[in-house]
> 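Below you will find the structure I want to go over with you.
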Amino acid sequence: MENTNLQFKTNINCSSCVAKVTPFLNDAEGIGQWEVDTTNREKILTLKSEGITEQKVIEAVQKAGFKIEPIK
């Protein structure tokens, strides 16, 4: 599970939303680089997992107040 890219659909749709979710993702253990493509209709969050599980990512984003679902 080391160093895999995870992708999620979110409703993080602007730079201030990204700023709001940043501390939650930065504090979550096991996340490498991450970014949200706010230009994509699905607002895709892509992150490099360094051990974090999909569920933990979902919890962190939901804690920040956003919707998120994994892309299968």
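If you're wondering where the values come from, they're calculated on a predicted model, not measured in any experiment. When reading the values below, keep in mind they use all heavy atoms of this one structure, side chains included, and skip hydrogens, waters and symmetry mates.
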> Any chance you could measure Glu50, atom CD, to Thr4, atom OG1, to the nearest 0.5 Å?
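Glu50 CD to Thr4 OG1: 10.0 Å, rounded to 0.5 Å.
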
> Drop me the distance from Asn40's CG to Asn13's CG, to the nearest 0.5 angstrom.
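Rounded to the nearest 0.5 Å, the CG-CG separation comes out at 12.0 Å.
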
> Find the distance between CG (Asn11) and CD (Glu69) and round it off to the nearest 0.5 Å.
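One gets 10.0 Å once the value is rounded to the nearest 0.5 Å.
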
> If you take all heavy atoms of Pro23 and Ala19, which pair is closest and at what distance?
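Distance-wise, the nearest heavy atoms are CD-O, 3.2 Å.
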
> Given the rule in the side chain to side chain donor-acceptor pair (under 3.5 Å) test, do Glu35 and Thr46 qualify, once you have shown the distances and angles that lead to the verdict?
CA-CA 6 Å; Glu35 65 176 11; Thr46 303; 5.2 Å; no

> Would you say Lys9's side chain and Ile44's backbone share a donor-acceptor pair under 3.5 angstrom?
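Not confirmed, Lys9 side chain does not pair with Ile44 backbone.
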
> What heavy-atom pair brings Phe24 and Ala64 nearest, and what distance separates the two atoms?
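Smallest interatomic distance, heavy atoms only, reads CD1-CB, 3.3 Å.
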
> Is Ile58 reachable from Val21 through a run of hydrophobic residues whose side-chain heavy atoms are each under 4.5 Å from the next?
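Yes, one cluster joins them.
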
> So do the side chains of Thr10 and Phe66 get within less than 4.5 Å of each other, counting heavy atoms only?
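Not in contact.
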
> Under 4.5 Å between any side-chain heavy atoms of Ile31 and Lys48, yes or no?
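The answer is no; the side chains never approach within 4.5 Å.
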
> Would you say Ile68 and Val18 are hydrophobically clustered, going by side-chain heavy atoms of ILVMFWY under 4.5 Å?
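As far as the 4.5 Å side-chain criterion goes, Val18 and Ile68 are connected within one cluster.
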
> Measuring only between side-chain heavy atoms, which start at C-beta, is Leu45 closer than 4.5 Å to Val57?
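They are in contact (side-chain heavy atoms under 4.5 Å apart), so the answer is yes.
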
> Just do the side chain to side chain contact (heavy atoms under 4.5 Å, CB included) check on Trp34 and Leu6 with the steps written out, would you?
CA-CA 9 Å; Trp34 63 271; Leu6 300 178; over 6 Å; no

> For the CD1 atom of Ile71 and the CD atom of Glu54, what is their distance to the nearest 0.5 Å?
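It comes to 10.0 Å.
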
